[in-house]
Amino acid sequence: MFYNPATGKRYSEQTLKREIGNLEGINWLELGIFPLESDIKEKNPVLYGYYENGIIGNIQEGFSLKWEKKERPVGQIKETLVSMAAAKRYAVETGGMMFGGNLVITDRDSQYMISGAVNAVNLDPTRIIMFKTASGFVSLDAVAILALARAVADHVQACFAREGELVDLINQLGTFDDLKKVYEETINEGWPTYAFPNQI
């Protein structure tokens with residue numbers, strides 16, 4: 001953005017290009033138009049709303065928008081935190097887990113494929129499954145496949161359980177300060193990490 005302190009008029013870069021043309025090499029001081037810094041420093045849209053409150057600065061030091069921040073309503077913060085908890089759960093759930101020294105992919109497609117492998121060994125307990133981990137292929141017998149499936153199921157359920165705990169906590173809280181603490185600390189705590197000893 002750009003600003004003319006004499007007239008109080010603001011310009012977007014596109015507007016100036018339409019009015020002036022090429023902006024390269026322009027002497028802004030002669031035009032009386034100056035860059036206007038509009039970014040909000042250290043913005044936290046989860047906890048605060050931001051409202052423009054004029055322009056500060058001068059020709060020597062530059063001009064910038066003045067922003068005032070105001071605590072968002074508790075109900076809005078709760079909605080945002082609940083959405084954040086769901087996003088965190090999904091990221092952890094599908095972000096993989098360690099099993100037998102291998103990183104196992106746990107995205108939704110992989111969970112589906114593991115269920116398919118369980119069905120296969122249930123139909124034929126002697127069957128060996130070629131299973132792809134993040135580091136490469138391993139051969140799994142029925143015992144290993146079932147152990148892996150249980151581990152992944154436990155991982156997924158632990159993720160949903162943690163999300164449920166957070167949602168219950170968020171809904172019980174009623175003050176800005178309590179919700180601020182959830183945002184800054186609690187929402188990233190208590191998520192499962194697994195390193196199963198079973199060898200695959």
Please test Tyr3 against Ile33 for side-chain contact (heavy atoms from CB on, under 4.5 Å), starting from the C-alpha separation and ending with a verdict.
CA-CA 5 Å; Tyr3 173 61; Ile33 298 174; over 6 Å; no
Please name all residues satisfying side-chain contact (heavy atoms from CB on, under 4.5 Å) with [X], sequence neighbours left out, ordered by chain then number.
X: Glu68; value: Asn53, Lys66
X: Tyr51; value: Lys70
X: Lys69; value: Tyr48, Tyr50

For Glu93, run the side-chain hydrogen bond (donor to acceptor under 3.5 Å, both in side chains) check against His155, Arg162, Arg108 and tell me which one passes.
Arg108
To the closest 0.5 Å, what do you measure between [atom1] ([X]) and [atom2] ([Y])?
X: Ile187; Y: Met84; atom1: CD1; atom2: CE; value: 4.5 Å
X: Asp109; Y: Ile114; atom1: CG; atom2: CD1; value: 11.0 Å
X: Ser12; Y: Met1; atom1: OG; atom2: CE; value: 8.0 Å
X: Ile40; Y: Lys43; atom1: CD1; atom2: NZ; value: 4.5 Å
X: Asn119; Y: Ile145; atom1: CG; atom2: CD1; value: 11.0 Å
X: Arg18; Y: Tyr11; atom1: CZ; atom2: OH; value: 12.5 Å

Treat each ILVMFWY residue as a node, draw an edge where side-chain heavy atoms are under 4.5 Å apart, and state whether [X] and [Y] are in one component.
X: Ile105; Y: Val138; answer: no
X: Leu16; Y: Leu31; answer: yes
X: Val82; Y: Tyr90; answer: no
X: Phe160; Y: Met97; answer: yes

Using side-chain heavy atoms (C-beta onward) and a distance below 4.5 Å, is [X] in contact with [Y]?
X: Glu13; Y: Lys17; answer: yes
X: Met98; Y: Val104; answer: no
X: Gln111; Y: Val156; answer: yes
X: Leu36; Y: Phe2; answer: no
X: Ile129; Y: Arg127; answer: yes
X: Asn44; Y: Tyr183; answer: yes

For [X] and [Y], indicate whether the former's side chain and the latter's backbone hold a donor-acceptor pair under 3.5 Å.
X: Thr94; Y: Asp107; result: no
X: Glu37; Y: Asp39; result: yes
X: Trp191; Y: Glu163; result: no

Can you name the closest pair of heavy atoms from [X] and [Y] and give their distance?
X: Asn102; Y: Ser135; answer: OD1-OG, 3.4 Å
X: Gly95; Y: Thr106; answer: N-OG1, 3.6 Å
X: Cys159; Y: Arg89; answer: O-CG, 3.2 Å
X: Pro192; Y: Val92; answer: O-CG1, 3.9 Å
X: Ala142; Y: Pro125; answer: CB-O, 3.5 Å

Name the atoms and distances for all side-chain donor-acceptor pairs under 3.5 Å in residues 56-64, with sequence neighbours left out.
{"residue": "Asn58", "atom": "OD1", "partner": "Gln60", "partner atom": "N", "Å": "3.1"}
{"residue": "Asn58", "atom": "OD1", "partner": "Glu61", "partner atom": "N", "Å": "2.7"}

Look at atom NZ of Lys180 and say whether more than 12 heavy atoms of other residues, nucleotides or ligands are closer to it than 6.0 Å.
no
Grouping ILVMFWY residues whenever side-chain heavy atoms fall under 4.5 Å, the cluster of Tyr112 otherwise contains Met113
Counting only pairs under 3.5 Å, give me each side-chain donor-acceptor contact of residues 169-179, with atom names and distances, residues two or more places apart or in other chains.
{"residue": "Asn171", "atom": "ND2", "partner": "Val167", "partner atom": "O", "Å": "3.2"}
{"residue": "Thr175", "atom": "OG1", "partner": "Asp178", "partner atom": "N", "Å": "3.1"}
{"residue": "Thr175", "atom": "OG1", "partner": "Asp178", "partner atom": "OD2", "Å": "3.1"}

Looking at Lys181 and Glu184, does any basic side-chain N land under 4.0 Å from a carboxylate oxygen?
no
Looking just at side-chain N and O atoms, do Thr80 and Arg72 make a donor-acceptor pair shorter than 3.5 Å?
yes
